[in-house]
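Here is the naming used below: chain letters follow the sequence lines, and residue numbers restart at 1 for every chain. From a predicted model like this one, the values you see are computed outputs, not experimental measurements. Any value given below was found using the heavy atoms of this structure, including those in side chains, with hydrogens, waters and symmetry copies removed.
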Protein chains: 2
Amino acid sequence: MPSMPSSERVTSGLAALAALLADETRARFCLALLDGRAWTAGELARHAGVAPSTASAHIDRLVEGGLLAAERQGRHRYVRLADAQVAHLIEDLAAHAAPGHGRPDRPRTLRAASAAGALARGRTCYDHLAGRLGIAVTEAMTERGLLRQDTGFALTDAGLRWFAGLGAPLAPSGRRPLARGCLDWTERRPHLAGIAGAALCHHALEAEWCERIGSTRAVQVTPEGERALTELLGVPAAALR
Amino acid sequence: MPSMPSSERVTSGLAALAALLADETRARFCLALLDGRAWTAGELARHAGVAPSTASAHIDRLVEGGLLAAERQGRHRYVRLADAQVAHLIEDLAAHAAPGHGRPDRPRTLRAASAAGALARGRTCYDHLAGRLGIAVTEAMTERGLLRQDTGFALTDAGLRWFAGLGAPLAPSGRRPLARGCLDWTERRPHLAGIAGAALCHHALEAEWCERIGSTRAVQVTPEGERALTELLGVPAAALR
DNA sequence: CCCACGTTACGGTCGCGGCCGAAGAGTCCG
DNA sequence: CGGACTCTTCGGCCGCGACCGTAACGTGGG
């Protein structure tokens, strides 16, 4: 007879996992890494405003705990989130921690304002699209009957065909669901994540429907992308700017 | 222009939330409360093996942080998880913390073995069914075309009708999704959660398809429930024992 | 009315863990 | 081969927070 993992083990596992994120510096690391890219240890240290030695120790703990994956290249140590499941976990926690409580605060400088505006307009969230762009696409897919959100969150058969027609057929892979809702921080509504979300984002960048602004996680829609999204999904052009 | 919540705020919110669960005693509280019932402060203290004063302070912090809801009744203070979203969060974290890492350990005593067996067989998970029972029902619904798991996780129209026919029509309510997958600790596969999962569990207890064993979260299927589940969903009777 | 029990408030102890700086190991470049 | 750079290791400092015991508080029962 299969036995459950003992309750002590679950308890300490939960506490240990939470402890990893309970430190401001490590939390900042994880949120930064939510952009899906790999950062070097030094970049993370500067980003969080701590000494390199401190950052190094934190990274060790996060890797040890299975949240991060590290890879050495020359004199750099590249670090990224371990997998999509971890990204999902952090998103969920952040979404629960952030919202409602206290209204969004006004950016202090013009520079900050335009950066925040760009992020609110469109950005990547780990490996899929978020912000107004992500929501607009998700809503359009729902209205066209490609996605079903009323009874859960799943692609329809038409949705599967749509992806195939796009040249990005979806293959079920391991544990990761084909479609998942990911709560959008700025829009407070779910956008498309999972394998389909990743495929769509990948395709959008590949086909130059949108492009990264500088090296940030913010993205903007190209004129070509605007045409494609309007034509393929009926996304109102206004929602993309 | 709407601005994002500042990154500092999100960071400290995330760290603060994680810190609540980063303590073994508080983690134990939350896991105990996952049974969906309300516990008194004293019960939690004894359960975790700490002094009442310690438990009280922990409860304060958890309530303050929005994870728990407390309610005074006479000289008792009843405490439960704040809402389904919090329950979901804790489940997700526990599921990520527990599994794979280290195989399940053997129960030491006969008593522990039979308790673990009962929990593995069937139990409640917050407000829905879990364990082999929960999985069997979820799988049966999927095979009957009431639930779609291949492209995400959502009820089908047939599924909606099935619930209506059961006398438990599902009404969309607030933010909570109608159907959601909840990763089962023992079975490592998703079982039905969300509004539908809660409705099904409620109905199952109401119609005495199953009943709680003592005052634990473990449930067992009644002969009547066995008939009903086999007839309505084609659940193999063997999966219910 | 008083006692028992569950709960809360306070003060004090103790250990864990985050932080830095300085020195060392490894890598790339001129 | 030496200098610049990145990252890691080590030692030591400091503060936060988990814990308990004690004492007060409130409720419900006898």
Side-chain angles (χ1 to χ4, degrees), chain A residues 8 11-33 37-80 97 215, chain B residues 8 11-33 37-80 97 215:
Chain A
E8 284 76 26
T11 303
S12 28
L14 172 56
L17 176 59
L20 289 177
L21 297 170
D23 177 76
E24 290 238 355
T25 301
R26 286 193 295 267
R28 196 179 290 268
F29 283 8
C30 291
L31 290 175
L33 289 164
R37 297 180 310 155
W39 294 48
T40 68
E43 282 172 336
L44 285 174
R46 281 188 298 277
H47 175 73
V50 296
S53 55
T54 304
S56 183
H58 283 311
I59 291 173
D60 282 348
R61 289 194 56 179
L62 290 166
V63 169
E64 177 73 18
L67 292 185
L68 264 46
E71 193 177 339
R72 329 197 62 112
Q73 253 179 49
R75 54 182 163 182
H76 293 282
R77 183 200 205 182
Y78 285 97
V79 153
R80 53 184 172 71
S215 60
Chain B
E8 283 79 25
T11 303
S12 26
L14 171 57
L17 176 59
L20 288 178
L21 298 169
D23 177 77
E24 290 237 358
T25 301
R26 285 194 296 267
R28 194 179 293 268
F29 284 7
C30 291
L31 289 175
L33 289 164
R37 297 180 310 155
W39 295 49
T40 68
E43 282 172 336
L44 286 174
R46 281 187 297 276
H47 175 73
V50 295
S53 55
T54 304
S56 182
H58 283 310
I59 291 173
D60 283 347
R61 288 193 58 178
L62 289 166
V63 169
E64 177 73 18
L67 291 186
L68 264 46
E71 191 177 342
R72 329 196 61 111
Q73 253 179 50
R75 55 179 164 184
H76 292 283
R77 184 201 205 183
Y78 285 97
V79 157
R80 53 183 172 73
S215 61

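For the segment residues 46-61 of chain A, residues with any heavy atom less than 4.0 angstrom from an atom of DNA chain C are, sorted by number, A/Val50, A/Ala51, A/Ser53, A/Thr54, A/His58, A/Arg61. Within residues 11-29 of chain B, no residue has any heavy atom closer than 4.0 Å to DNA chain C.
One finds no side-chain N or O of B/Arg77 lying less than 4.0 angstrom from the OP1 or OP2 phosphate oxygen of D/dC25. OP1 or OP2 of C/dT7 sits under 4.0 Å from a side-chain N or O of B/His76.
Looking at A/Val63, A/Leu20, A/Thr25 one by one, the single match for side chain to side chain contact (heavy atoms under 4.5 Å, CB included) with A/His58 turns out to be A/Thr25. Each of B/Leu62, B/Thr40, B/Leu68 was compared with B/Val79 under the side chain to side chain contact (heavy atoms under 4.5 Å, CB included) criterion, and only B/Leu68 meets it.
The CZ-C1' distance, from B/Arg72 to C/dG6, rounds to 10 Å in whole Å. Taking atom CD of B/Gln73 as the reference point, atom C1' of D/dG26 lies 16 Å away to the nearest angstrom. Between the CD atom of B/Glu43 and the C1' atom of C/dT7 there is a distance of 14 Å, given to the nearest Å. For B/Glu64 and D/dG17, the CD to P distance is 14 Å, given to the nearest whole Å. Note: CG (A/Leu62) to P (D/dT8) measures 13 Å, nearest angstrom.
Smallest separation of non-hydrogen atoms from A/Ala48 and A/Phe29: CB-CE1, 3.5 Å. Residues B/Cys30 and B/Leu21 come closest through the heavy atom pair SG-CD2, 3.7 Å. The two residues A/Arg37 and A/Trp39 have their closest heavy-atom pair at O-CD1, 3.7 Å. When all heavy atoms of A/Ala45 and A/Pro52 are compared, the closest pair comes out as CB-CA, 4.1 Å. Between B/Ala70 and B/Arg77 the shortest heavy-atom distance is CB-NE, 4.0 Å. The two residues A/Ala41 and A/Ala55 make their nearest non-hydrogen contact at O-CB, 4.3 Å.
Distance check, rounded to the nearest 0.5 Å: CG of B/Leu44 to OG of B/Ser56 gives 11.0 Å. The CG atom of B/Leu14 sits 11.0 Å away from atom CZ of A/Arg26, with the distance rounded to the nearest 0.5 Å.
At least one side-chain heavy atom of A/Leu17 sits less than 4.5 Å from a side-chain heavy atom of A/Leu67.
Between the axis at the start and the axis at the end of the helix from C/dC1-D/dG30 to C/dT27-D/dA4 there is an angle of 30°, using five pairs per end and rounding to 10 degrees.
When distances are taken from the side chain of A/Arg75 to each of D/dA4, D/dT27, D/dC7, the shortest belongs to D/dA4.
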